[in-house]
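Everything below concerns the one structure shown next.
Both ligands and their constituent atoms are indexed starting at 1 by order of listing. Note that the structure is a prediction, hence the values are computed from the model and not measured.
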Amino acid sequence: MARKIRIFDTTLRDGEQSPGASMNIEEKLEVAKQLARLKVDVIEAGFPISSPGDFESVKAVAETVKGPAVAGLCRAANADIDRAWEALQHAKKPLIHTFLATSDIHLEKKLKKTRLEALDIAVAAVKRAKGYTEEVEFSAEDASRSDFDYLCQVVEAVIDAGATIVNLPDTVGYAIPSEYGEMIRRVIETVPNSKKAIFSVHCHNDLGLGVANSLAAVANGAGQVECTINGLGERAGNAAMEEVVMAIHTRTDLFKATTGINTREIYRASRLVSDVTGLDVQVNKAIVGMNAFAHEAGIHQHGVMQDKRTYEIMDAESVGLTESKLVLGKHSGRHAFEDRLKSMGYHLGKAELDKAFARFKITADKKKEIFDEDLEAIVADEAYTIPSKYELTYMNVMSSLEGIPTATIKLKSDCGDIVEAGIGVGSVDAIYKTIDKMVEAEYCLVDFVVKSVTGGTDALGEVTIKLEAANGEIYTGRGASLDVVEAAAKAYVNAINKLAHYEKLRGNGGKPKDKATL
Ligand code: KIV
Ligand code: ZN
């Protein structure tokens, strides 16, 4: 029988460490629910001691999500472990994930500890975590650059202390598949109590080998792969979950293994993570890129028409990609709208559905053909929102070949309506400069991306922007509209609302300025 490889998703923890990928608690919950639909085995929801915001997110995921185990990361220190447990205690399946570096360079330069001291700290951490819960994972940070005999000594000791999962990360993405696979095999063979634990791998992508290293480890006995949607993560990212999973599923003949993942949810997960982080998926990205299943060359198209298997090793449907369909029109009712969303995998609450349906009606009035992609943009725009301090209620923009672009804006705020006018070098600049005069916050625009959701001049335009707050935190805003200038305004207001929301939380002891670092 095929071995089952556990999928440990760390999009909400390591993935969120991607520069510019921060998510608010509502967005994290949406992603966590999608991960549950994907049927991952573990959701690593955050690093509870790193900030009150992270703590609240882990707690919310632990209390909400059913199905996967929920993990919280903590350094090998009492306060970290206690805080992780505080966040995880109400989870159906809690998992404490504690880590300590084992390579000499980390021990000497970062931790200033001897090998023996670190060994004792690791054992004590696992014992403390074990006092709270049965499932405890220990990660030997920088395992791939650690002394092999010392690594084995640590692994044996933490298993004796009660670790049920031992993770051997390639923290800096330094390993090469043949040597990493060999390391995993040798550790499992050498450590006398290795049968008592599941061996996990966590590979970074600095040399573009994260997925290859993870698969080499699976072929050599690893029972769990840690990965992220779209390969997000620290620096060049982590192994991409969609690639690891589809490689194992497509080559069961070779791996003699499978995963519990519902692969038909992969595309939606990728799209959702891209929407909430504002980080686009490159068009030629394996599995989820726009071109992953597109055939351009005539000879390929001809082959595929005769038999898909000539040039396709996977079905697009198996990752949840369906042919773009003309779905609904302006006469479609609420039931048809809700049914279509359900068949696309969106299960919205009543309030979110009301907002999305109202928006659909307005869009359908102006745009005859509504495609799945339009619905996705509408849902992303209306459903994953945070409490809004400002609402854009009026906008008039004037722009002409010789004239000075001018914007008049009205925002509804919790202190009443605010109206302002201003000029800029272009329409968007005029809008943004005008809004800047209306809101009390310090930030600067660091990224602006506009794209079209479908083809044609009547396509929905989607704008994603990033604002950097005075404390260096990045807030992503997105907006979709048939008018790209309006989409740009909405994206700006959306990011400002996020900033205002977290500033307020911070004032109440919310997200602090400095996050604890790894
Ligand atoms: O890359 C790494 O080593 C990590 C650990 C904390 C598991 O992210
Ligand atoms: Zn990592």
Heavy-atom proximity to atom 1 (O) of ligand 1 ranks first, among R75, E44, E137, H204, for H204
Nearest heavy atom to atom 6 (C) of ligand 1, choosing from E234, R13, R235, belongs to R13
Salt-bridge present ([X], [Y]; N to O < 4.0 Å):
X	Y	answer
E27	K498	yes
D82	R128	yes
E462	R271	yes
E86	K59	no

Among the heavy atoms of E226, does any lie under 4.0 Å from an atom of ligand 1? no
Minimal heavy-atom distance between E137 and S200, with the atoms involved, is OE2-OG, 4.3 Å
Do the non-hydrogen side-chain atoms of Q34 and E265 ever get within less than 4.5 Å of each other? yes
Just wondering, do H249 and T258 contact through their side chains at under 4.5 Å, heavy atoms? yes
The atom name of the N, O or S atom in D14 nearest to the Zn ion (ligand 2) is OD2
Contact region, D14 to ligand 1, non-hydrogen atoms below 4.0 Å, reads side chain
For E141, the atoms of ligand 1 under 4.0 Å from one of its heavy atoms are 3 (O)
For P169, the ligand 1 atoms with a heavy-atom partner under 4.0 Å come out as 3 (O)
Considering both backbone and side-chain atoms of H202, is one of its nitrogen or oxygen atoms within less than 3.5 Å of a nitrogen or oxygen in ligand 1? yes
- Task: Would you check whether T171 has a nitrogen or oxygen atom less than 3.5 angstrom from a nitrogen or oxygen atom of ligand 1?
- Result: yes
* **Metal proximity, E226 vs the Zn ion (ligand 2), N/O/S cut-off 2.8 Å** => no
For NE2 in H204 and NE2 in H202, the angle at the Zn ion (ligand 2) (nearest 10°) is 100°
Rounding to 0.5 Å, atoms CD1 (I287) and CG (L321) come to a distance of 10.0 Å
